[in-house]
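Got a structure for you, written out below as structure tokens; questions coming shortly.
Proteins get letters first, then strands, A, B, ... in listed order; numbering begins at 1 in each. Computed from a predicted model, the values in this text were never measured in an experiment.
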Protein chains: 2
Amino acid sequence: MDRQLDRTDWRILAELQRDGRLSYNRLGRLVNLSPPAVAERVRRLEEAGVITGYQVTIDPAKAGLPLTAFVQMRCAPGRCLLKTTTAGDYPEVVEVHKLTGDSCTMLKIRTASMRHLEGLLERLGGHGELTSFVVLSTQYEGRPVEPPASELRPVTDSAGWSR
Amino acid sequence: MDRQLDRTDWRILAELQRDGRLSYNRLGRLVNLSPPAVAERVRRLEEAGVITGYQVTIDPAKAGLPLTAFVQMRCAPGRCLLKTTTAGDYPEVVEVHKLTGDSCTMLKIRTASMRHLEGLLERLGGHGELTSFVVLSTQYEGRPVEPPASELRPVTDSAGWSR
DNA sequence: GTTGAAACGAAAAAATA
DNA sequence: TATTTTTTCGTTTCAAC
């Protein structure tokens with residue numbers, strides 16, 4: 001599937017982002033397709049790499065990780081986080097993005113306490129300059145991805161930012 | 001369930017983060033529990049709000065949204081994004097976090113093109129000062145959450161940062 | 001892409017240890 | 001109390017249209 005996603009594909013993705021456990025039976029009914037047809041669509045989306053998997057979503061606070069923080073790293077030459085460490089060294093780091101501009105990477109962090117965060121930032125500091133932002137509250141996270149404006153966009157609810 | 005998650009809970013969460021579609025049958029086998037026992041555990045985790053749902057995971061680039069950016073907002077008085085707009089106004093915004101420090105919010109953005117991103121940043125700029133970071137590449141995203149160091153942590157693979 | 005049928009697997013309940 | 005077994009139900013897949 002190299003062609004652009006059509007309206008039906010996006011409806012399927014919307015439903016599966018809402019509930020990733022939907023059976024082809026129910027999913028088909030929701031998008032007005034028969035079970036085999038919708039199964040074939042999903043299979044193609046998986047094959048094309050549009051769908052990369054299915055995950056349970058967790059409330060980190062309820063799981064004992066109430067602190068979220070963003071960290072911008074500006075790694076020192078030869079000590080870049082990405083080059084000198086491995087994912088297993090920093091289990092608290094749940095996202096790593098390389099950036100344009102001054103900072104080289106943006107990290108998203110989950111920790112159990114300020115004490116843990118402090119320790120982590122100190123360890124990270126060994127790789128270069130860093131700027132950290134502690135999250136006070138999260139309005140949205142894992143919000144369903146929608147088709148770009150160029151394609152027909154489904155109606156979005158007009159609810160506010162708070163969840 | 002107000003008590004802390006035990007080792008088995010974390011093993012269940014680890015497996016469901018890997019594959020959110022696991023049946024109680026398979027899941028039970030993976031964590032050495034009978035299907036009813038594991039079903040009861042999952043039910044409790046859902047009830048306690050630790051598990052908030054199940055989502056398909058999508059590769060935004062493959063879905064026609066190749067650009068990711070972070071935006072730090074410093075909203076002007078009376079024009080705060082959170083107060084004057086609604087989620088539906090900005091479908092490109094997939095995450096919204098309130099921050100400590102100078103910036104008031106951190107946004108994560110997905111767009112179809114630089115042109116879209118430019119237009120979006122202009123609209124967002126109407127709410128106050130902003131600093132934007134375009135993502136060059138993403139090493140990790142949606143990485144499984146692990147138990148904090150205070151609790152027994154499962155073995156983490158020692159693979160590098162690249163996925 | 002749809003409909004129908006058949007086979008498979010999962011979930012719930014009851015019985016048992 | 002937890003596990004196993006059975007039964008029932010739903011889902012998936014295949015074949016025909």
Checklist entry - In whole angstroms, how far is the P atom of D:dG10 from the CZ atom of A:R21? => result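 Rounded to the whole Å, the gap is 17 Å.
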
Item to check | B:E40 CD - D:dT4 P separation (whole Å) | outcome: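 Value for this atom pair: 17 Å.
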
Next on the checklist: For a salt bridge (Lys or Arg N to Asp or Glu O under 4.0 Å) check, start with the C-alpha distance between A:R110 and A:E95, then their side-chain angles and the critical distance, and finish with the verdict.
Outcome noted: CA-CA 10 Å; A:R110 309 270 196 204; A:E95 290 188 25; over 6 Å; no

Checklist entry - Is the shortest distance from a Lys or Arg side-chain nitrogen in A:R44 or A:E47 to a carboxylate oxygen in the other one below 4.0 Å? => result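 A:E47 and A:R44: not salt-bridged.
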
Item to check | Check against side-chain hydrogen bond (donor to acceptor under 3.5 Å, both in side chains), B:E46 and B:Y54 | outcome: CA-CA 11 Å; B:E46 289 170 346; B:Y54 302 84; 2.7 Å; yes

Item to check | Spacing of A:R41 atom CZ relative to C:dT2 atom P, expressed in whole Å | outcome: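 Those two atoms, CZ and P, are 9 Å apart.
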
Item to check | Criterion salt bridge (Lys or Arg N to Asp or Glu O under 4.0 Å) on B:R11 and B:D6, from CA distance to verdict | outcome: CA-CA 9 Å; B:R11 287 175 68 193; B:D6 67 15; over 6 Å; no

Hey, what are the protein-to-nucleotides 10-17 of chain C N/O distances that come in under 3.5 Å?
unit_1	atom_1	unit_2	atom_2	d
C:dA10	OP1	B:S23	OG	3.4
C:dA11	OP2	B:Y24	N	3.3

Item to check | Close side-chain approach of A:E146 to A:W10, heavy-atom, < 4.5 Å | outcome: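 Counting from C-beta outward, A:E146 and A:W10 never come under 4.5 Å.
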
Checklist entry - If you round to the nearest 0.5 Å, how far is CG of A:L130 from CZ of A:R74? => result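 Between A:R74 CZ and A:L130 CG, I get 12.0 Å after rounding to 0.5 Å.
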
Next on the checklist: Given the ring of A:Y90, does A:R123 sit roughly above its face, with NZ or CZ under 6.0 Å from the centre of the six-membered ring and within 45° of the axis?
Outcome noted: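 Yes.
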
Next on the checklist: Angle between the two end axes of the helix from C:dG1-D:dC17 to C:dA17-D:dT1, five base pairs per end, rounded to 10 degrees?
Outcome noted: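 Here the local axes at opposite ends form an angle of 20°.
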
Checklist entry - Would you say A:T111's side chain and A:H116's backbone share a donor-acceptor pair under 3.5 angstrom? => result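 It does not hold such a pair.
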
